[in-house]
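Numbers here simply count residues along the sequence, with the first being 1. Note: hydrogens, waters and symmetry copies are ignored here, and every other heavy atom, side chains too, is used. The structure displayed is predicted, hence computed values, not measured ones.
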Amino acid sequence: MSAIPSERRTQALALLEWLEPGAPKRVTENLDGFHDDATEILLGFAFTDVVAREGISLKTREMLTVSMLAAMGTAPGQLEFHIRAALNTGATREEIVEIVLQVAVYAGIPASMNAITAAKSAFTSV
């Protein structure tokens, strides 16, 4: 990584900080510890190129992200983070509960059960 962070990286980390204060430090330590370009590539794409787009609100994007991660059932850490981020963008606990119940119908009870675990953990930390 160059000594001067790119504008893309800076924008991605600013959005990540808005979603959950303190998250950029944890995430960059993990990604930069893997490879110098990981933060730029992964967070730049995710948060600067896609999540920061206009067109739908950040709250809506986070609620969609929660539903997709819950349906996948394979990313519990990211699901918990995005539940907290959804709450931080204005989603209510009741909306998260409804998403998790909807996941049970379309992705199955096991995926919903995993999402319940993540939601309960996220609810206690917000």
Side-chain angles (χ1 to χ4, degrees):
M1 182 180 74
S2 75
I4 301 172
S6 73
E7 181 64 25
R8 187 170 181 243
R9 178 185 169 109
T10 300
Q11 288 174 349
L13 295 177
L15 180 52
L16 188 60
E17 178 69 26
W18 195 83
L19 291 173
E20 182 173 63
K25 183 179 186 313
R26 293 189 314 271
V27 173
T28 57
E29 284 176 357
N30 181 43
L31 294 176
D32 291 343
F34 171 67
H35 190 275
D36 288 346
D37 293 331
T39 298
E40 170 73 25
I41 293 167
L42 300 176
L43 295 187
F45 170 65
F47 291 100
T48 303
D49 298 349
V50 178
V51 176
R53 289 175 54 84
E54 295 181 13
I56 58 175
S57 70
L58 190 54
K59 173 187 170 185
T60 299
R61 285 186 193 278
E62 284 303 318
M63 291 173 68
L64 289 166
T65 302
V66 167
S67 65
M68 289 181 275
L69 288 171
M72 285 173 46
T74 58
Q78 289 81 8
L79 175 58
E80 187 177 331
F81 168 83
H82 283 285
I83 291 171
R84 290 190 305 270
L87 294 168
N88 289 337
T89 61
T92 66
R93 289 179 182 212
E94 293 77 21
E95 288 172 319
I96 300 299
V97 168
E98 292 301 322
I99 290 168
V100 170
L101 295 174
Q102 188 81 5
V103 165
V105 174
Y106 290 97
I109 299 297
S112 184
M113 297 289 287
N114 290 339
I116 288 168
T117 300
K120 287 171 60 178
S121 180
F123 291 165
T124 63
S125 64
V126 175

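A single hydrophobic cluster is seen to contain both F123 and M63, as judged by linkage of ILVMFWY side chains at heavy-atom distances under 4.5 Å, directly or through other members. Note: the hydrophobic cluster containing V27 also contains I41 (ILVMFWY, side chain heavy atoms under 4.5 Å, direct or indirect links). No path of Ile, Leu, Val, Met, Phe, Trp and Tyr side chains, each step under 4.5 Å between heavy atoms, connects L58 with I83, placing them in separate hydrophobic clusters. When the side chains of ILVMFWY residues are joined at heavy-atom separations under 4.5 Å, either directly or via intervening members, L19 and L43 end up in a single hydrophobic cluster. Both L42 and W18 are members of a single hydrophobic cluster when ILVMFWY side chains are connected at heavy-atom separations under 4.5 Å.
V50 forms part of a hydrophobic cluster together with F45, judged by ILVMFWY side-chain heavy-atom separations under 4.5 Å.
Residues I109 and M113 meet the side-chain proximity criterion, which asks for heavy atoms closer than 4.5 Å. T28 has its side chain out of reach of L16: every pair of non-hydrogen atoms, C-beta onward, lies at least 4.5 Å apart.
Using a distance-only test at 3.5 Å, with no hydrogens or angles considered, a donor-acceptor pair links the side chain of T48 to the main chain of A12. Checked by atom type and distance alone, the side chain of S112 never pairs as donor or acceptor with a backbone atom of G108 at under 3.5 Å. E40 places no side-chain N or O within 3.5 Å of a backbone atom of D37 that could act as its donor or acceptor partner.
Annotation for A23 and F81: closest pair CB-CE1, 3.8 Å, computed over non-hydrogen atoms. Between E54 and R61, the shortest heavy-atom contact is O-NH2, 3.6 Å. Minimum interatomic distance between G44 and R8 (heavy atoms only, all atoms of both residues): C-NH2, 3.3 Å. Contact record, A86 with I96: CB-CD1, 3.9 Å, taken as the closest heavy-atom pair. Looking at every heavy atom in both residues, G73 comes nearest to N114 through O-ND2, 4.0 Å. Across every non-hydrogen atom of R9 and D32, the tightest pair is NH2-OD2, 2.9 Å.
Between the CD1 atom of I99 and the CD atom of E95 there is a distance of 7.0 Å, given to the nearest 0.5 Å. How far OG1 of T65 is from CG of L79: 10.0 Å, rounded to the nearest 0.5 Å. Note that OG of S67 and CD of E62 are 10.5 Å apart. Values are rounded to the nearest 0.5 Å. Atoms CG and NZ, from L87 and K59 in turn, are 10.5 Å apart once rounded to the nearest 0.5 Å.
Within a 6.0 Å radius of CE in M68, more than 12 heavy atoms belonging to other residues, nucleotides or ligands are found.
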Evaluation steps, side-chain contact (heavy atoms from CB on, under 4.5 Å), between M72 and L69:
CA-CA 5 Å; M72 285 173 46; L69 288 171; 4.2 Å; yes
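Side chains of E80 and S121: a donor on one and an acceptor on the other come within 3.5 Å.
With sequence neighbours excluded, the residues that form a side chain to side chain donor-acceptor pair (under 3.5 Å) with R26 are E20.
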